[in-house]
Amino acid sequence: MSKTLVITGGSSGIGKATAELFAAKGYQVFELSRHGQNQSAITHITCDVTSEESCQQAIGAVLAQTGHIDVLISNAGFGISGAIEFTETEDAKRLFDVNFFGALNITKAVLPQLRKQHSGRILYTSSVAAVLPVPYQSFYSASKSAIDAMALCLRNEVKSFGIEVACLLPGDVKTGFTAAREKSVAGSEVYGNIEHAVANMEKDEQGGMTPQQMARIFYHMAQTRCLRTYYIGGALYKVFHLLNKLLPVTLVNWIEGKLYS
């Protein structure tokens, strides 16, 4: 019996590269998104992760075909940028609706089956920004921090059912995510470095790693016998993550502020 992967946000970027790699490795792959389409060896199921009902229906459709799920990768998400003071609260809520509550909805949809079969892995796309929050990327950073916290709790809650949980924290990756980011310059007359800081960050992204590199890490996470809690995407970001643990948080935050000033 072939293994089954369910991945949200699999129609582009890291998600698409991951779906393609798992399919090439022999997995039966189901890609859940609003606007995707069937590809060779990849089945698209229309799903809006902000809707619990849509997530339940999508997982039901997967199980009707396979009867089991081996790996869930919760990858759907988007970004906004801007000053905290001038960000519309509704925009922040909309981001959390996709990035965090979308991850929650698909997790809740898949857990009954994983508990029933007493096996399975739930993997989340987080971000290095979860542990090194980026100025003018506050709500994206916060949503990924929330995913990390949920994953840590879930890991302990479900381990007795044979279910494993982990997060991939990518650094800068060159994808369409950059162009799709919703950028606000509201308040730039007060916070004069908004555009400069965001432009620096997006330059780093476009010079970053490939989605295929992240896909290979996800595949390793699905296959390894000993699943760690966090996987950092990129050697340089592993160094940053280590320094974040070793140095005082005030110093790390000051350095990051200088990088984006």
Side-chain angles (χ1 to χ4, degrees), residues 1-47 49 55 57-77 99 102-103 105-107 109-111 113-114 116-127 147 151 154-155 158 162-171 173-177 208-234:
M1 182 185 298
S2 62
K3 291 186 176 181
T4 300
L5 166 71
V6 175
I7 181 167
T8 66
S11 60
S12 63
I14 292 173
K16 182 178 181 181
T18 301
E20 291 172 346
L21 177 60
F22 274 72
K25 295 291 188 179
Y27 273 72
Q28 189 170 4
V29 177
F30 293 86
E31 179 271 310
L32 277 53
S33 64
R34 292 182 300 167
H35 306 300
Q37 57 186 356
N38 289 334
Q39 303 176 51
S40 176
I42 299 173
T43 301
H44 166 72
I45 297 176
T46 301
C47 178
V49 295
C55 289
Q57 290 175 348
I59 294 302
V62 172
L63 293 175
Q65 295 185 54
T66 67
H68 71 285
I69 293 172
D70 297 284
V71 182
L72 166 69
I73 298 179
S74 175
N75 173 72
N99 291 12
N105 289 338
I106 198 65
T107 298
V110 80
L111 275 174
Q113 175 61 30
L114 301 190
K116 178 182 177 182
Q117 64 193 36
H118 211 78
S119 66
R121 289 187 173 179
I122 299 175
L123 310 178
Y124 296 101
T125 300
S126 178
S127 173
I147 284 177
L154 185 65
R155 188 176 170 98
V158 300
I163 303 168
E164 298 177 279
V165 181
C167 294
L168 170 58
L169 284 65
V173 182
K174 185 178 181 179
T175 69
F177 186 91
M209 298 168 289
T210 67
Q212 288 73 25
Q213 288 174 281
M214 298 303 102
R216 289 193 289 271
I217 298 175
F218 266 133
Y219 185 74
H220 170 74
M221 293 168 70
Q223 300 300 117
T224 185
R225 292 184 62 183
C226 185
L227 183 67
R228 303 195 308 270
T229 306
Y230 291 154
Y231 289 75
I232 309 298

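The structure presented is a predicted model; accordingly, all values stated were derived computationally and were not measured.
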Worksheet item: Do the non-hydrogen side-chain atoms of L123 and Y231 ever get within less than 4.5 Å of each other?
Response: no
Worksheet item: For H44 and T46, does a side-chain donor sit closer than 3.5 Å to a side-chain acceptor?
Response: yes
Discussion item. For N99 versus G77, what's the shortest heavy-atom pair and its separation?
Written reply: OD1-CA, 3.1 Å
Discussion item. Quick check for you: to the nearest 0.5 Å, what is the distance between L154 atom CG and I147 atom CD1?
Written reply: 12.0 Å
Practice prompt. Decide side-chain contact (heavy atoms from CB on, under 4.5 Å) for V62 and T43; before the verdict, give the C-alpha distance in whole Å, the side-chain angles of both, and the deciding distance to 0.1 Å.
Written response: CA-CA 9 Å; V62 172; T43 301; over 6 Å; no
Practice prompt. Could you tell me whether a side-chain N or O of E31 sits under 3.5 Å from a main-chain N or O of K16, the two making a donor and an acceptor?
Written response: no
Item to complete: Rounded to the nearest 0.5 Å, what's the gap from CD1 on I59 to CD1 on I45? Could you check?
Response: 7.5 Å
Item to complete: Please round to the nearest 0.5 Å and tell me the distance separating atom OG of S126 and atom CD1 of I232.
Response: 8.5 Å
Item to complete: Before giving the answer on side-chain contact (heavy atoms from CB on, under 4.5 Å), spell out for I106 and L32 the whole-Å C-alpha distance, their side-chain angles and the decisive distance to 0.1 Å.
Response: CA-CA 10 Å; I106 198 65; L32 277 53; 3.8 Å; yes
Item to complete: Compare every heavy atom of A76 with every heavy atom of V49, then report the nearest pair and how far apart it is.
Response: CG2-CB, 4.2 Å
Worksheet entry | From L169 atom CG to M214 atom CE, the distance as rounded to the nearest 0.5 Å | 10.5 Å
Worksheet, complete the sentence: A151 and V165 have their tightest heavy-atom pair at O-CG1, 3.7 Å
Worksheet item: So, do H220 and L168 sit near enough that their side-chain heavy atoms are less than 4.5 Å apart?
Response: no
Discussion item. Could you report the tightest heavy-atom contact between G9 and N75, atom names first, then the distance?
Written reply: O-ND2, 2.8 Å
Discussion item. The criterion is ring-ring contact (aromatic ring centres under 6.0 Å, His included); which residues satisfy it with F22, sequence neighbours excluded?
Written reply: Y27, Y219
Worksheet item: Is there side-chain contact between M221 and L227, with at least one heavy-atom pair below 4.5 Å?
Response: yes
Item to complete: List the steps, then state whether side-chain contact (heavy atoms from CB on, under 4.5 Å) holds for Q39 with E20.
Response: CA-CA 9 Å; Q39 303 176 51; E20 291 172 346; 3.5 Å; yes
Practice prompt. Search all heavy atoms of T125 against all heavy atoms of P170 and return the closest pair with its distance.
Written response: CG2-CG, 4.3 Å
Worksheet item: Hey, are the side chains of P211 and V173 touching, using non-hydrogen atoms and a 4.5 Å cut-off?
Response: yes
Discussion item. Walk me through whether I14 and M209 qualify under side-chain contact (heavy atoms from CB on, under 4.5 Å).
Written reply: CA-CA 10 Å; I14 292 173; M209 298 168 289; over 6 Å; no
Worksheet item: Rounded to the nearest 0.5 Å, how far does CZ of F218 lie from CD1 of I73?
Response: 5.0 Å
Worksheet entry | Backbone of V110 reached by a side-chain donor or acceptor of Q113 within 3.5 Å | no
Discussion item. Quick one about Y124 and T107 (side-chain donor to acceptor, distance below 3.5 Å, no hydrogens or angles considered), yes or no?
Written reply: yes
Worksheet item: Do you know which two heavy atoms are closest between R228 and A166, and how far apart they sit?
Response: O-CB, 3.2 Å
Worksheet item: Residues two or more places apart in sequence or in another chain: which of them pass side chain to side chain contact (heavy atoms under 4.5 Å, CB included) with T229?
Response: L152, R155
Practice prompt. Starting at CG of L72, measure out to OG1 of T4 and round the result to the nearest 0.5 Å.
Written response: 12.0 Å
